[in-house]
Amino acid sequence: MTIPSHPPRHLPSTESDLVQLLSSSLSPHAHERTQAEHVLSTYCTSSAALVQLCRVALDPAQATSTPAPVRQMALVWVRSRLDWEGRGEDEKGLVKGMLLEGLRENNPTMQTAVGLVIAEICRSCNVAQDWSELMPSLVSVVTSDASASTPPASSSSSSSSSSSVVLERGALRVLCLLVEDLDSLTVVHLSLAVLPRLVGTVQRGGFDRAESVYQVMKIVHAAVDAVEMMYRTSEEAKVLLREHMASWLEACRAVWGSIRVGTVGDGGGGGGGGGDGGDCGKLAAALSDGERSCLPAVHLALGVVARLVPLIGKGNNVDVGGVLESVWACNGVVRELYLQARVLGAVDEPDVPGGAITERTTLSDVACQLMEVFGAIVTSPKLKKACAGSLVEIVAGTILPYMMIGEEDVAAWGEDCTMYLQGGEDCWGCRCSGGLLIESILETYGSAGAEALAAGVWRCVEGAECAAAVRDVLYW
């Protein structure tokens, strides 16, 4: 479709006029943009505006003839001029149907724009009464066998499967946008419904679909936050925790991999862990090839573990040893790659964006979250005794590697130590987290903690001397 360069001064009477107006509202020229916005503001008060804007944005015919920014702008106007309660039932029905179909858009930005409109509608009405089919439909899409299956060989079946995957991603986007506005128990039950999808996805090579893993993990994170807030005052929350903590922890473990595919080297001067490959083979592969889009999901999973560890108690049916082993294996992978990134100066390089909702996360962020997990473990009444014999390994294999500085930091410190401390916020985050973990160890274990700290430092010094003798670039 050819879009004229100047907007009409009258209200749009055809779809072509509306597309022209929307295009002009994106103009770099202030006068043209302001004029188009004024006409659109008036147009949006009409009864047909909402449906027409949705058609411009979501009609499959428009996808090939209208630029994506124009279609996205149509949804921006829908969201900003929604007035949902003032709309007629027929109009609402048409809009809801188009929005749900819009989740099939194979365009992350458009899917997110659709999700934002759905979320705004849900904030404007009683979803249980006015859109009762929404949540069941979204959950059904995410948990269906079609979206989980591996694409078949035939082209028609493959196309169908691909469409199912796109729809699943769209449904997950919407659920992630809705999760903050849902009541606590709904969020908890939603997380339990989507957990099998999370575990199944990563077991089938989930980091190829890192954004979906992240989105499910975000729902789980919100559920655990809700239970944590209700835990002290709600018996129902305590029951939910007893029944489902093991499942949530297993989901976190699944996020950093579930297939043994070799070993991960022991970095950091002999920290004593992570080298068994264990549950982290996929994580190592996903990180070491430079594709860091899995980092946000790993970061969220570690955040969930940090919140659940203090709540582990009698009746939770949690494999404590398995939790510790899994976290230590994850630490081994992240530590090795963190040390390598330190040499390359890429420790604060963010993940490759996996989609419009995925948060940007660095190895430094993940390292800080790992130290928060260890802080929760060493202060947990249930776990601190199990860790008493491993304090030296925690110091040498976790705290000191992440608190280390690189050669560029040494040079910056020499030039102006005050400016270095003020300017190195990302890097300083790891050292701050390490300092807090050291405090937790000293407060929990007293003199035994101090002895472990000294022994861990000495172990790293000895390891560095041995590495320097063989010219290892990580010796410092």
Side-chain angles (χ1 to χ4, degrees), residues 118-119 121-144 171-172 174-201 213-255 297 299-324 326-327 369 372-373 375-377 379-384:
I118 292 175
I121 291 174
C122 291
R123 295 186 192 105
S124 305
C125 69
N126 184 329
V127 178
Q129 294 179 358
D130 298 342
W131 203 349
S132 58
E133 69 276 17
L134 174 64
M135 290 299 292
S137 297
L138 295 175
V139 173
S140 175
V141 167
V142 174
T143 57
S144 70
L172 279 172
V174 175
L175 289 172
C176 279
L177 290 167
L178 293 178
V179 76
E180 294 179 3
D181 296 316
L182 298 174
D183 66 87
S184 297
L185 292 178
T186 300
V187 174
V188 171
H189 292 301
L190 174 60
S191 77
L192 297 173
V194 299
L195 272 184
R197 165 62 67 251
L198 171 69
V199 177
T201 297
V213 176
Y214 165 82
Q215 289 166 336
V216 177
M217 201 65 243
K218 187 172 182 180
I219 295 169
V220 173
H221 194 284
V224 172
D225 277 349
V227 170
E228 185 185 33
M229 291 179 62
M230 298 188 298
Y231 181 73
R232 303 298 176 191
T233 58
S234 168
E235 282 300 319
E236 186 171 7
K238 294 176 181 178
V239 171
L240 287 169
L241 197 64
R242 273 198 306 272
E243 291 179 349
H244 304 299
M245 178 184 279
S247 297
W248 282 324
L249 287 170
E250 182 57 33
C252 295
R253 181 173 175 168
V255 165
H299 186 260
L300 278 178
L302 290 168
V304 169
V305 174
R307 284 158 177 75
L308 287 177
V309 163
L311 304 179
I312 293 177
K314 293 181 179 179
N316 288 135
N317 194 29
V318 171
D319 176 11
V320 172
V323 172
L324 295 176
S326 180
V327 170
Q369 191 65 75
E372 184 180 336
V373 172
I377 288 172
T379 57
S380 163
K382 185 77 172 178
L383 301 182
K384 62 183 181 182

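Here the structure is a predicted model, which means the values were calculated and not measured. Below, each value reflects all heavy atoms present in this structure, side chains not excepted, and no hydrogens, waters or symmetry copies.
Evaluation of the side chain to side chain contact (heavy atoms under 4.5 Å, CB included) rule for Ser234 yields Met230, Glu236, Ala237 as partners, not counting sequence neighbours. Annotation: side chain to side chain contact (heavy atoms under 4.5 Å, CB included) contacts of Ser124 (sequence neighbours excluded): Leu82, Trp84, Glu120. Qualifying side chain to side chain contact (heavy atoms under 4.5 Å, CB included) partners for Ala376, counting only residues two or more places apart in sequence or in other chains: Val309, Pro310. Judged as a side-chain hydrogen bond (donor to acceptor under 3.5 Å, both in side chains), and not counting sequence neighbours, His244 has no contacts. Considering only residues two or more places apart in sequence or on other chains, Ala223 meets the side chain to side chain contact (heavy atoms under 4.5 Å, CB included) condition with Val187, Val188, Ser191, Trp248.
The list of salt bridge (Lys or Arg N to Asp or Glu O under 4.0 Å) pairs with a residue in residues 302-311, not counting sequence neighbours, reads Asp225-Arg307. A salt bridge (Lys or Arg N to Asp or Glu O under 4.0 Å) check over residues 175-185, counting only residues at least two apart or in different chains, returns the pairs Arg123-Asp181.
Note that the CG atom of Leu134 and the CG atom of Leu178 stand 6.5 Å from one another [nearest 0.5 Å]. Taking SG from Cys252 and CG from Leu302, the interatomic distance works out to 8.0 Å, rounded to the nearest 0.5 Å.
When every heavy atom of Ala297 is checked against every heavy atom of Met217, the shortest pair comes out as O-CG, 3.8 Å. Nearest heavy atoms, Gln369 versus Ala306: NE2-CB, 4.0 Å. Here the closest non-hydrogen pair linking Leu308 and Met245 is O-CE, 3.6 Å.
Counting heavy atoms from C-beta on, the side chains of Leu185 and Leu240 come closer than 4.5 Å. The side-chain heavy atoms of Leu324 and Ile377, taken from C-beta on, include a pair separated by under 4.5 Å.
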